[in-house]
Protein chains: 2
Amino acid sequence: MFSASARTQYAIRAMTNLARRPNRTATAAELARTESIPAKYLEGIMARLKVTGLVESERGKNGGYRMATDPANISMLQIVEAIEGRIKPVGCLEHEYTCAIVDGCHPRSFWLGLKNTIDTYLSEKSLKEVSEG
Amino acid sequence: MFSASARTQYAIRAMTNLARRPNRTATAAELARTESIPAKYLEGIMARLKVTGLVESERGKNGGYRMATDPANISMLQIVEAIEGRIKPVGCLEHEYTCAIVDGCHPRSFWLGLKNTIDTYLSEKSLKEVSEG
DNA sequence: TAATAATCCTACTATTCCGATAGGAATAGA
DNA sequence: TCTATTCCTATCGGAATAGTAGGATTATTA
C-alpha cells in the first residue's frame, strides 16, 4: 500500500538527472545507464513525460531529451501524475460528494484527508529541491 | 500509486462498524452484510486484525468479534499496518542510511519525507474519529 | 447428546497489473 | 547513405489481488 511503482521511481530518477544538466540534452540510453534503469523501459517513460510537457525531445542523431521548464517550476506532483494519472487512494473518491459503495460511508473524509495530505506534500516539493537533495 | 487495496478498505469499514458497537460483538457475516463486503473474504481480514490484537473473538454459537481496546486509542496506522505490514513507498528506504540502488540517490530524502508525511497523518487519526466522521 | 452457528484453516482460481523485452518505423545529422 | 536517435506496437512471464470452496474446530442451546 502506498508504494510507488518502479515506473514512477524511474521517472523521478531520470528527471532529477536531467534537471542537473541545464539546457543540455541527454539520450534515453544515457539516462538509463547512469540511473540503472532498463533502457527500453525508460523509452516508454520518457514518452509519458513528453506528452505532459515536462520534457522536450529531439529525434535523430545528436537527439535526446531536455527539460522543458526550469526545474524550480516543476512540482513532484506533476511528475507523479504524468506517470500514474490522478492519485486516488480509494475508488470511493471518484464521486464528488457521496460514496457510491456504502450508505453513510464514515471513512470517506478520512480518505479525502489522506489524499489531501499526500497531494500537498508532493505539490510543495519542486524538482529542483529533489535533484539537489 | 498510493492506492489502498480493497482489503485495507474493507478492514477499515469493518473496524469503524465494530467501533460503533461498544462492548458488543458482531459476527463476520453481519459486518459483511452491513458493509457490503464478501463474507468469506472478510473472515481472512478479521483474522489479521485479531493476530495484531486489535479485535478479540469468540468462537461457537453467539460468537463474533469485539473491539479489544477503546477506539480512541487505536490509530488508523495500526489498522493499515495490521493488513499491509510496514508502509514502504520505495525499496530504497529499506536500508538505514544509504540507497543501495544508485550511488548518490538524490530522491531518497524526498521519499523519506513522503513516508513521514503519510505515517504522521495515519497515526494522528484515531479509529474513533473516523468511525464518527 | 445432537443440532446449530460461529470462528478458524487451507487450498484453489481467475484476473489484472507490472516490469521488461523485441522489433522495427520514422527522423535527423554527418 | 550510414548511423544514432526517438517513437510506436506487440508480446510475455510473474506476482499480487480479490474472491471462492470446503470443511475442521469450538461453543451454545435445546
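Any value given below was found using the heavy atoms of this structure, including those in side chains, with hydrogens, waters and symmetry copies removed.
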### Query
Contact class for B:A29 (heavy atom, under 4.0 Å): base, sugar-phosphate, or nothing?
nothing

### Query
Under the 3.5 Å rule, do the base of C:dG19 and the side chain of A:K40 count as making a donor-acceptor pair?
no

### Query
A:A47 near the nucleic acid: base, sugar-phosphate alone, or nothing, with a heavy-atom cut-off under 4.0 Å?
nothing

### Query
Mind checking whether B:Y10 and B:Y41 have parallel, tilted or perpendicular rings, split at 30° and 60°?
perpendicular

### Ionic contact status for A:E43 with A:K40, cut-off 4.0 Å
yes

### Summary
Testing D:dA18, C:dA20, C:dC18 for proximity to the side chain of A:R7, the answer is C:dC18

### Query
So what does A:E58 touch, heavy atoms closer than 4.0 Å: a base, only the sugar-phosphate, or nothing?
sugar-phosphate

#### Entry: side-chain N/O B:Y41 vs D:dA21 OP1/OP2, d < 4.0 Å
no

### Query
With a 4.5 Å heavy-atom cut-off, do A:I79 and A:I74 have their side chains touching?
yes

### Task
Could you tell me whether the side chains of A:N73 and A:S126 share a donor-acceptor contact shorter than 3.5 Å?
no

### Task
Round to the nearest Å and state the distance from A:E30 atom CD to D:dT6 atom C1'.
15 Å

### Query
Toward the 5' end of DNA chain D, which comes first, B:E43 or B:G60, by nearest nucleotide?
B:E43

### Task
Give the angle between the helix axes at the two ends of the helix from C:dT1-D:dA30 to C:dA30-D:dT1, taking five base pairs at each end and rounding to 10°.
10°

### Message
Whole angstroms only, please: what is the CG-P distance between B:L31 and C:dT7?
### Response
9 Å

### Task
Kindly point out which of C:dG19, D:dA18, C:dT4 is positioned nearest to the side chain of B:K61?
C:dT4

### Query
How would you label the contact of A:G64 with the nucleic acid (heavy atoms, under 4.0 Å): base, sugar-phosphate, or nothing?
sugar-phosphate

#### Entry: Distance-only polar pair, side chains of A:S5 and A:T8, donor-acceptor under 3.5 Å
yes

### Task
Identify which nucleotide among C:dG19, C:dT7, D:dT6 has an atom closest to any side-chain atom of B:S57, counting heavy atoms from C-beta outward.
C:dT7

### Message
Should the side chain of A:R59 and the base of D:dT5 be counted as holding a donor-acceptor pair, with the cut-off at 3.5 Å?
### Response
no

### D:dT29 phosphate, OP1 or OP2, under 4.0 Å from B:N62 side-chain N/O
yes

### Message
Applying the side chain to side chain contact (heavy atoms under 4.5 Å, CB included) criterion to A:M67, which one of A:E56, A:R21, A:M15 satisfies it?
### Response
A:M15

### Summary
From the candidates C:dC18, D:dA18, C:dT21, the one with an atom nearest any side-chain atom of A:P38 is C:dT21

### Task
For B:E58, look at atom CD and say whether over 12 heavy atoms of other residues, nucleotides or ligands are found less than 6.0 Å away.
no

